[in-house]
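One structure is given here, and the rest of the page talks about it.
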Amino acid sequence: MSRLGREFFARDTLTVARELLGQRLVRVIEGQRLSGRIVETEAYIGEEDAACHASVGRTPRTKVMYGPPGQAYVYFIYGMHHCLNVVTEREGFPAAVLIRAIEPEEGLEVMRANRPGRPNVELTNGPAKLCQALRIDRRLNGVDLCTSDELFLEGAETVSEAHIVATPRVGVRGDEAALNAPWRFYMPSRPEEPGQGAFCAPLRGG
DNA sequence: TATACGATCACCT
DNA sequence: GGTGATCGTATAC
């Protein structure tokens, strides 16, 4: 299985956000692989994007987004949740892709243990949920996904444009441009086997 | 030093 | 569909 390298992330953020759909997010804990296919992403692009954390400029919190592509930007929000982003574009330009949902593949039992009492479909169908299921927190902020042994991405599947839906981003504030930009991407579920297929859409939206 | 609020989730009705 | 949890950030004083 081939790991996604620097050149994958060093591109236009919207391209990376679309092409991350279908790829495999891998978390290794004590030698065990937890993984899943990415099924929903959002792009956050530059200081001019009012919804992007970097719209306030370079701060201790946002500095990772200004760094080289391929790093993990993990932030803490609402006093209890973590979200995982992948830094994109050239070093010095702040941009990233938020991983909003994955469909579990390996390590399902561990994910269940990390989110006790939740049905399978709710293990990783949200940005904070997948971080809880995969035990991702700020200790992984700034980790290089191109070289890390505990968090990385594997090339798995190419999803054609025809199978991708774009909508405005979830829960963002800001100006009209930020509210209207169709920078959320996901794969619609297959009607013949909702929630059962190799891929499924997020429950919300769409 | 103090304050307001957020790229969410879970639980309630 | 409404709301409380809970604390790191940014910003204002």
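What you see is a predicted model, and the numbers here were worked out from it, not measured in a lab. Chain naming here is simple, since letters A, B, ... match the order of the sequence lines and numbering starts at 1 in each.
- Judged by closest nucleotide on DNA chain B, A:Val172 is the one of A:Val172 and A:Gln132 placed further toward the 5' end.
- A continuous path of ILVMFWY side-chain contacts below 4.5 Å connects A:Leu84 to A:Ile45, so both sit in one hydrophobic cluster.
- Stem analysis of DNA chain B (at least three stacked-register Watson-Crick or G-U pairs, each with both distances under 3.5 Å) gives B:1-6 with C:7-12, B:8-12 with C:1-5.
- If you chain together hydrophobic residues whose side chains sit under 4.5 Å apart, A:Leu4 and A:Ile99 fall into the same group.
- Between A:Met80 and A:Arg138, the one whose closest nucleotide on DNA chain C sits nearer the 5' end is A:Met80.
- Of the possible donor and acceptor atoms, one in the side chain of A:Arg115 sits under 3.5 Å from a partner among the backbone N and O of A:Leu123.
- In this structure, CG of A:Leu123 is placed 10 Å from P of B:dA10, rounded to the nearest angstrom.
- A:Leu98 has its CG atom 6 Å from the C1' atom of B:dA7, to the nearest Å.
- The interatomic distance linking A:His82 (NE2) with B:dA7 (P) rounds to 15 Å, in whole Å.
- First and last contacting nucleotides of DNA chain C toward chain A (any atom under 4.0 angstrom from a heavy atom, 5' to 3' order): C:dA5 to C:dT11.
- Counting any heavy atom pair closer than 4.0 Å across all strands shown, A:Tyr78 reaches a base atom.
- Checking each of A:His53, A:Glu47, A:Arg58 against A:Pro94 for a side chain to side chain contact (heavy atoms under 4.5 Å, CB included) leaves exactly one that passes, namely A:Glu47.
- Judged by distance alone, with hydrogens and angles left aside, the side-chain atoms of A:Glu89 form a donor-acceptor pair with the main-chain N or O of A:Thr13 at under 3.5 Å.
- A:Ala51 comes within 4.0 angstrom of a base, heavy atoms only.
- Around CD of A:Glu48, the count of heavy atoms belonging to other residues, nucleotides or ligands within 6.0 Å does not exceed 12.
- Rounded to whole angstrom, the span from the NZ atom of A:Lys129 across to the P atom of B:dA7 amounts to 18 Å.
- Listed for the A:Arg169 side chain is a donor-acceptor partner under 3.5 Å among the backbone atoms of A:Ala43.
- Taking the six-membered ring where tryptophan is involved, the planes of A:Tyr78 and A:His81 are perpendicular, since the angle between them exceeds 60° and thus also 30°.
- Between A:Arg115 and B:dA10 there is a side-chain polar atom (N or O) within less than 4.0 angstrom of OP1 or OP2.
- Going from atom CD1 of A:Ile136 over to atom C1' of B:dT8 covers 16 Å, rounded to whole Å.
- In this structure, the CG atom of A:Asn125 is 8 Å from the P atom of B:dC9, given to the nearest Å.
- Residue A:Arg118 places at least one side-chain N or O under 4.0 Å from the OP1 or OP2 atom of B:dC11.
- Spacing between B:dC5 and C:dT3 at atom C1', rounded to whole Å, works out to 16 Å.
- Between A:Arg169 atom CZ and B:dG6 atom P there is a gap of 15 Å when expressed in whole angstrom units.
- Here A:Arg100 reaches the OP1 or OP2 of B:dT8: one of its side-chain N or O atoms lies under 4.0 Å away.
- Between the P atom of B:dT8 and the OH atom of A:Tyr75 lies a distance of 6 Å, rounded to the nearest Å.
- Looking only at distances, a side-chain donor or acceptor of A:Glu42 sits under 3.5 Å from a matching main-chain atom of A:Val170.
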Please list, one pair per line, the donor and acceptor atoms closer than 3.5 Å that link side chains of residues 134-147 of chain A to other protein atoms, with sequence neighbours excluded.
| residue | atom | partner | partner atom | Å |
| --- | --- | --- | --- | --- |
| A:Arg135 | NE | A:Asn114 | OD1 | 3.3 |
| A:Asp137 | OD1 | A:Arg139 | N | 2.9 |
| A:Asp137 | OD1 | A:Arg139 | NE | 3.1 |
| A:Asp137 | OD2 | A:Arg139 | NE | 3.2 |
| A:Asp137 | OD2 | A:Arg139 | NH2 | 2.8 |
| A:Asn141 | OD1 | A:Val74 | N | 3.0 |
| A:Asp144 | OD1 | A:Arg6 | NH1 | 2.8 |
| A:Asp144 | OD1 | A:Cys146 | N | 2.9 |
| A:Asp144 | OD2 | A:Arg6 | NH1 | 3.3 |
| A:Asp144 | OD2 | A:Arg6 | NH2 | 2.8 |
| A:Asp144 | OD2 | A:Thr147 | OG1 | 3.4 |

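- Residue-level contact check: A:Arg61 touches the backbone only, with heavy atoms under 4.0 Å from sugar-phosphate atoms and none from bases.
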